[in-house]
Amino acid sequence: MQCTFLLVSDIHHNLDNIKNLKAWLIQKDRLKDIDFIIASGDLVNADYITPLTTEKDELEFREVIDGLENIDKPLYYIPGNHDPESSFLPSAYQGKNENSKVTNFHNKIINLVPGLSMVGFGGSTAGVARNSPEQIIWPAYPRNTESLLAEKLPILLDKVEDEIILVTHVGPSKVGTTDVDKFPLRDPPIESGSLTIRDILEKSTPLSSEDSSQCNIMFNIHGHSHFPFGLSHLGQTFVINPGSLQEGRFAILTLENFNKEKLLIGEVKDFYKCSNRINSCNDFAMDLFHVLGSGARFDKKRFNDDISLFEPQKQKKPVKNVVNDQETQASLLQEIDFFHNSKSAIIETLGKKQLPNEKLTVNNEESDNDNSNIDENDDSDENENENEIVDQDESTELNSLNTQDNVKKFRKRHRIRVYGTDIPNPFHSFSDLHNIYEFQPYLCKNLDSAGYKQPTPIQMQAIPIILHGRDVMAMAPTGSGKTLAYILPILHDLNSHKKIGYRALIISPTRELAKQIYIEFKKMCVGKKFKICLLTKATAATQAQDPHLKQKFDILISTPLRLVHAISQDNIDLKNVQHLVLDEADKLLELGFLDQTDEIFAACSNIKLQKYLFSATLPSGVESLANNFMKDPIRIVVGLKNAATETIKQQLIYVGEENGKLTAIRQMIQEGGLKPPVLIFVQSIERAKELFHELIYDGINVDVIHAERTKAQRDSIVLNFRQGKIWVLIATELMARGIDFKGVNLVINYDFPQSIQSYIHRIGRTGRAGKSGEAITYYTKDDAPYLKSIVNVMKDSGCEVPNWMLELKNPSKESKQQLRKKPIKRKTIDTRSNYDKKKIKRKREMIEASIKRKNKKNKTSTNNHESI
Ligand SMILES: Nc1ncnc2c1ncn2[C@@H]1O[C@H](COP(=O)(O)OP(=O)(O)OP(=O)(O)O)[C@@H](O)[C@H]1O
């Protein structure tokens with residue numbers, strides 16, 4: 001029986017290893033050959049602290065298991081000593097993907113396919129005792145796991161007639177591992193470890209007899225090494241049957257093939273010298289390869305690319321600061337450059353920073369027409385004071401904004417429109433903030449460190465208005481710096497840390513955006529002792545326990561639901577809040593959020609409260625609603641109202657039927673047109689999962705993010721996408737708003753957006769801060785009636801649109817409302833051939849039948865035994 005499998009061990013929560021591994025497998029086209037994956041423990045926690053019982057451990061564990069599941073092969077897991085207590089609960093992880101069920105197999109025999117069995121034995125005394133469902137309390141010492149395994153193994157093996165893969169997670173050396181870690185200087189050292197097992201195997205199992213010649217046995221023994229890709233090596237793979245080598249079966253290795261000095265690593269104290277171990281591991285990996293390849297030589301020159309993926313040093317570059325981080329990202333990107341376009345925009349753009357307003361202010365003669373074709377955004381009464389022609393040579397006079405005429409010209413030049421009474425003047429440069437508004441030096445310094453040289457138009461106008469104590473409704477294109485437009489005046493006004501509780505509150509519709517805002521606040525606070533709280537379950541619980549903490553913080557950032565919950569539990573006091581920001585205000589004032597937003601407003605009872613609404617889209621309905629709760633607000637509109645960013649090249653592509661979309665993407669991949677990073681939007685979680693399962697086989701490093709993924713997963717995906725480790729990210733509407741992925745080259749609307757707002761925000765994930773970007777929207781016959789809405793946005797943002805599209809009819813208000821409420825029903829995304837589906841089904845049935853047969857056999861023999 002031949003089968004190919006992947007063995008993963010001792011990852012210690014380095015999910016990147018799994019991602020790289022997956023990328024490598026795809027790149028080398030080896031994924032299709034793999035029948036299943038074995039994960040031999042220690043999937044979490046690099047800190048070597050046991051027991052692992054915290055929520056964090058649990059999340060990490062799930063994350064790695066999910067990462068492995070994403071490879072989409074059946075997954076067999078045995079617990080390691082560094083895995084959390086609940087890791088031995090396979091049911092919690094089963095059935096996520098159709099084809100990749102997690103099966104726990106500690107102390108069990110699994111019939112993989114007829115003729116091939118697998119025996120598993122999880123790792124080391126404490127780990128197994130903790131994880132064992134049998135609740136056996138192992139005597140902690142000296143009867144360690146190894147000796148127990150040695151006792152149990154003959155019994156297990158005796159039951160199996162098939163060829164066997166034996167997977168263990170026990171110590172590699174003469175002395176055990178975990179036990180040695182705990183009692184390194186125990187005297188005399190105990191005889192255990194793999195040598196003992198091997199001895200016992202040879203003495204007391206069929207292996208020692210002639211019959212063993214037909215039997216493949218493999219040990220996986222963990223060894224605190226995380227190289228290559230966290231795959232097992234360093235003598236972790238022993239197969240006791242040299243006879244199989246000639247038959248070209250799986251990994252065959254005897255201890256004698258190794259340089260034992262390297263394997264045993266000499267003194268016990270060397271266990272702690274990780275670098276030594278890694279060096280030995282490198283050599284061993286090569287030795288191992290040599291032996292596994294039946295003496296095949298590994299051509300280092302030819303496979304240089306592969307070797308570089310195995311180099312641990314590259315991933316361990318110290319990340320000192322943003323610049324270094326970028327360098328690391330660039331090198332990482334080069335390392336994983338599937339498309340061999342390492343000079344692509346991502347890498348190029350990492351180095352240079354284009355100022356947003358360079359781009360936003362170039363076109364002085366831009367018309368100021370609102371996109372009045374979009375009736376939901378209709379605002380035809382708003383073109384007052386906008387008819388003057390601006391001088392081409394504005395030069396220095398605009399620097400001195402001391403006459404209303406100059407101010408008008410300045411606004412016009414920066415495409416700023418303002419509505420309201422007693423509107424404060426905009427400012428011209430960040431130095432004005434210091435000179436005019438007496439901003440503290442720390443703020444100016446932090447602006448400089450962040451590389452913000454010039455304010456963007458929304459910042460120029462919104463900051464003075466907030467500083468003058470006014471309410472603001474601000475609408476400016478995606479990626480135009482709205483966040484900083486409220487952060488700066490708030491920090492200036494708060495002045496310094498005070499122990500009177502929250503004075504500023506920022507609400508965002510998603511936790512990803514909330515976290516991003518938190519990071520931006522932190523960046524601007526360097527050198528100042530402000531206390532900022534990002535409200536999470538944990539921070540809310542801490543504040544509930546300690547009432548003094550309520551006084552400790554100055555600024556609170558939260559999603560509505562989390563905050564409303566905290567308010568209802570009386571854990572948060574908002575009576576001192578003077579600045580309230582609704583970021584993505586139109587979303588927060590939509591029906592789904594409105595009640596929560598309302599409750600938050602009610603809790604902010606301070607009479608000095610100022611309210612600020614920010615978004616790239618504020619439909620007129622939302623504005624009227626907002627007017628009910630804002631005090632004499634000033635409205636700011638930068639650029640065209642409800643328009644897309646002009647640095648984005650937009651395209652509409654007709655794909656006929658649903659499956660035309662995948663064909664189009666695949667064609668793009670083949671032609672090298674899919675330049676990462678790419679964001680793909682779909683209309684539902686279900687479809688996100690479906691598309692992920694399709695694209696995973698297309699040679700691209702793809703991941704998927706949606707509300708059903710755990711928080712830890714979502715955080716890690718966002719981080720990895722930012723760092724260029726994920727190239728194509730499939731997302732639902734969750735990621736459509738606010739998230740600032742600077743380098744995104746392309747946004748694909750795989751599913752037609754359900755509203756113009758959704759379209760504008762989705763495509764706004766590219767072309768940020770003045771950079772260029774591209775957006776492609778697929779449409780089918782079913783989407784065609786809604787096409788004109790997007791055509792209008794495209795036209796208004798200066799994209800070329802064919803005449804026939806311009807002549808299309810606008811969809812009716814009712815049909816738009818209908819689409820907003822309910823997405824178009826679409827065919828499942830699934831292009832696997834019937835043949836493939838049948839093959840998978842057949843294989844599964846074979847495995848199930850084999851298990852049933854075995855169970856039946858075992859049952860009969862037990863019954864017989866009982867009747868005797
Ligand atoms: N004055 C500035 N100079 C250069 N870059 C800036 C400046 N202000 C903000 N940025 C950068 O511009 C990017 C976009 O800013 P931000 O996320 O605030 O956009 P936004 O207008 O809120 O977009 P969205 O509508 O999508 O939420 C960020 O990367 C930010 O660091």
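Each ligand, and each atom within it, is numbered from 1 in the order the structure gives.
- Using a cutoff of 4.0 Å between basic side-chain nitrogens and carboxylate oxygens, Glu520 and Lys523 are scored as salt-bridged.
- Taking distance alone, with nitrogen or oxygen atoms compared against 3.5 Å, Gln454 approaches ligand 1 more closely than that limit.
- Heavy atoms of Ser480 approach ligand 1 to within less than 4.0 angstrom.
- Here Phe430 has side-chain heavy atoms under 4.0 Å from ligand 1, and that is the only part of it that gets that close.
- For ligand 1 and Ala769, the ligand atoms under 4.0 Å from any heavy atom of the residue are 12 (O), 13 (C).
- With atom 26 (O) of ligand 1 as the reference point, the heavy atom nearest to it among His761, Arg737, Arg768 is part of Arg768.
- Each of the following atoms of ligand 1 lies closer than 4.0 Å to a heavy atom of Pro477: 21 (O).
- Atom CG of Leu613 sits about 13.0 Å away from atom NZ of Lys482, to the nearest 0.5 Å.
- When ring centroids are compared, Tyr486 and Phe614 come within the 6.0 Å threshold.
- The distance criterion of under 3.5 Å between nitrogen or oxygen atoms is not met by Leu484 with respect to ligand 1.
- Ligand 1 has a nitrogen or oxygen under 3.5 angstrom from a nitrogen or oxygen of Thr483.
- Close N/O approach between Gly481 and ligand 1 is found [any backbone or side-chain N/O within under 3.5 Å].
- Considering backbone and side-chain atoms together, Thr478 places no N or O closer than 3.5 Å to any N or O of ligand 1.
- Ligand 1 places these atoms under 4.0 Å from at least one heavy atom of Glu584: 27 (O).
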